[in-house]
Amino acid sequence: MSWISDPNFTEDQPFGPQTLPYGVVDGGVAVRVGDQALLLGSLGLGKCSEYVQADSLDPLLAAGRPVWSVLRAKLREIVTASSAPKGAELVGIETARLPFTVGDYVDFYSSRHHAENVGRMFRPDGDALTPNWTHLPIGYHGRAGTVYVSGTDIVRPNGQKRGSEGPKFGPSERLDIEAEVGFVCGGPKASNVSTSRAAEHVFGVALVNDWSARDVQAWEYQPLGPFLAKSFATSIGAWITPLEAFSVARVPTPPLPNKLHDYLTCDQPWGLDINITVELNDTVVARPPFREMSWSFVQQLAHMTVNGATVRPGDLFASGTVSGPEKHERGSLLELSWGGKEPFKLDDGSTRSFLEDGDTVRLTATAPGEGGSVVGLAEVVGTVRSA
């Protein structure tokens, strides 16, 4: 029996001793234990202590995989002990904030089901996939300065939209979500990172909602791609689950129809069996399966750095919208409503195609853990309000 008295700190709950995600609360760097946070600054963590004294995870991210592994093993010993160690302090999780300084932010487009759905909507007379999609992970650079922690309200963005007499300007009328999985980078600065070394540069995993203004996007995205339609807000969970927690959840990615260039080949399976739930105003509207993603995070990182670009501690990259083959597995409202042509009903009797002011979106997710346990990812919540 653990000294931590919390009904949600058990192996059959998402934030039991098998998960131990890192975050930052008013008292400093902490790990989440059930619905509480264990502060790390005053614990006897040996040589690892110096990496958890700051008011962010930045020093820990920079420390690298050897330190991450030693610290996680030490923390698992501490939280499963029968008595509390000297200096142990449990606090609430209500003050959790964005736990690291976001460096570069890259968003990918790695769900074949999502890409094909969007292609069928926007190019009904053409191929659902562009010719390059099965040869490389499609991505674009986002805006790190508008990555917000879960719970931050999302202001409806303004932008240009297509009109009958030329473009019109104003608030987006087709505000959408994108249920994604994000990867927080760490370790030494590096470039040309191979798929076999990519995991050494990924500290942990978090849920991401990459909010999207579809009407702004439709007008601006050609020929260069997303800009104002994506850069206004990206939400991320407040707790970063260590990559090591997903050792049991690793699965092969779905096969692609063509041979890959050597730098994108993998000698180990790095798909992840993460199950996401999307709620809109307390109605479950989708359950996207991350195991359906065609490109793994190690392939994404390898592609991102193959041209000499660097990865640094605090860099964040996200998977792109997670969608499965079934309608209830689509990770965006664009797909769920088929571009607004098929509005869907919520439990309160109202219908939606896109988000209205006052709507609240909640993403949650779990993955299988060791011994039949459940690994959790911290929720991502955002409520839409007008400008």
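Residues: numbered from 1 along the sequence shown. As a basis for the values below, the full set of heavy atoms in this structure was taken, side chains included, without hydrogen atoms, waters or symmetry mates.
Annotation: side chain of I93 is in contact with side chain of R32 (closest heavy-atom distance under 4.5 Å). Contact of the F317 side chain with the M304 side chain is registered, since non-hydrogen atoms from C-beta on lie closer than 4.5 Å. Counting heavy atoms from C-beta outward, T310 and S191 have side chains that approach closer than 4.5 Å. Looking only at side-chain heavy atoms (C-beta outward), E173 and K161 come within less than 4.5 Å of each other. In this structure the side chain of S172 never reaches within 4.5 angstrom of the side chain of F354, judged on heavy atoms. The closest side-chain heavy-atom distance from V33 to L90 is below 4.5 Å. In this structure, S56 and F100 have side chains that are not in contact, with every pair of non-hydrogen atoms separated by 4.5 Å or more.
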R214 and E178: salt bridge (charged side-chain N to carboxylate O under 4.0 Å, His left out), yes or no, with the steps?
CA-CA 11 Å; R214 299 299 186 187; E178 290 187 344; 3.0 Å; yes
Just do the side-chain contact (heavy atoms from CB on, under 4.5 Å) check on Y148 and T234 with the steps written out, would you?
CA-CA 6 Å; Y148 300 118; T234 300; over 6 Å; no
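Rounding to the nearest 0.5 Å gives a distance of 12.0 Å between CH2 of W270 and CG of L301. The CD1 atom of I177 lies 7.5 Å from the CG atom of L280; values are rounded to the nearest 0.5 Å. A distance of 9.5 Å separates CD of E11 from OG1 of T80, quoted to the nearest 0.5 Å. For the atom pair CG (D315) and SG (C185), the distance works out to 5.5 Å, reported to the nearest 0.5 Å. We find the CG-CZ distance between L129 and R112 to be 5.0 Å, quoted to the nearest 0.5 Å. Note that the CD1 atom of I274 and the CD1 atom of I276 stand 7.0 Å from one another [nearest 0.5 Å].
Side chains of N275 and T366: no donor on one and acceptor on the other come within 3.5 Å. There is no side-chain donor-acceptor pair under 3.5 Å between E370 and S373. Using modelled atom types and a 3.5 Å distance limit, the side chains of S212 and D176 yield no donor-acceptor pair. Under 3.5 Å, the side chains of W295 and Q300 contain no donor-acceptor pair of N or O atoms. At a cut-off of 3.5 Å, with distance as the only test, no side-chain donor of H114 or Y109 sits close to an acceptor on the other residue. Counting only N and O atoms by type, the side chains of T10 and Q13 include no donor and acceptor under 3.5 Å apart. With hydrogens and angles left out, the side-chain atoms of S323 and E292 include no donor and acceptor closer than 3.5 Å. Judged by distance alone, the side chains of N192 and T305 never bring a donor and an acceptor atom under 3.5 Å apart. Side chains of N281 and T360: no donor on one and acceptor on the other come within 3.5 Å.
Neither L207 nor F15 shares a network with the other; the hydrophobic side chains, linked directly or stepwise wherever heavy atoms of I, L, V, M, F, W or Y lie under 4.5 Å apart, form separate groups for each. One hydrophobic cluster holds both F290 and V380 under the rule that ILVMFWY side chains link at heavy-atom gaps under 4.5 Å. In the hydrophobic clustering of ILVMFWY residues, with side-chain heavy atoms under 4.5 Å counting as a link, Y22 and L38 come out together. If you chain together hydrophobic residues whose side chains sit under 4.5 Å apart, V322 and L363 fall into the same group. Clustering ILVMFWY residues whenever any of their side-chain heavy atoms sit less than 4.5 angstrom apart, transitively, puts W239 in the very cluster that holds L39.
Nearest heavy atom pair, residue L20 against residue R76, reads CD1-CG, 3.6 Å. Across P157 and A213, no two heavy atoms sit closer than the pair CG-CB, 4.0 Å.
The backbone N or O of H113 lies less than 3.5 Å from a partner atom in the side chain of N117, making a donor-acceptor pair. The closest donor-acceptor contact from the side chain of T283 to the backbone of V285 lies at 3.5 Å or more, if one exists at all. A donor-acceptor pair is defined here as one N or O able to donate and one able to accept, closer than 3.5 Å; no such pair exists between the side chain of E89 and the backbone of S42. For the pair W3 (side chain) and I78 (backbone), a donor-acceptor distance under 3.5 Å is present. N307 contributes a side-chain N or O that, together with a main-chain N or O of A309, makes up a donor-acceptor pair within less than 3.5 Å. Looking only at distances, no side-chain donor or acceptor of S110 sits under 3.5 Å from a matching main-chain atom of P137. In this structure, the side chain of Q53 does not engage the main chain of E50 through any donor-acceptor pair within 3.5 Å. With D104 contributing its side chain and A144 its backbone, the two residues share no donor-acceptor pair below 3.5 Å. Remark: side-chain polar atoms of T351 are not paired, donor with acceptor, to backbone N or O of P343 under 3.5 angstrom. A donor-acceptor contact shorter than 3.5 Å is absent between the side chain of R72 and the backbone of P242.
Salt bridge status for K230 with D107: absent, with no side-chain N to carboxylate O gap under 4.0 Å. Salt-bridge annotation for R156 and D357: present, with a side-chain N of the basic residue lying under 4.0 Å from a carboxylate O of the acidic one. A salt bridge does not link R250 with D273: every distance from a Lys NZ or Arg NE/NH1/NH2 to an Asp or Glu carboxylate oxygen is 4.0 Å or more. Using a cut-off of 4.0 Å between Lys/Arg side-chain N and Asp/Glu carboxylate O, R287 and E279 are scored as not salt-bridged. A salt bridge links E379 to R362: one of the charged nitrogens lies within less than 4.0 Å of a carboxylate oxygen.
Each of R352, K327, R330 was checked for a salt bridge (charged side-chain N to carboxylate O under 4.0 Å, His left out) with E342, and the lone residue meeting it is K327.
Not less than 6.0 angstrom separates the ring centroid of F232 from the ring centroid of W211.
Aromatic ring pairs are classed by plane angle as parallel below 30°, tilted from 30° to 60° and perpendicular above 60°; the pair F297 and F183 is parallel.
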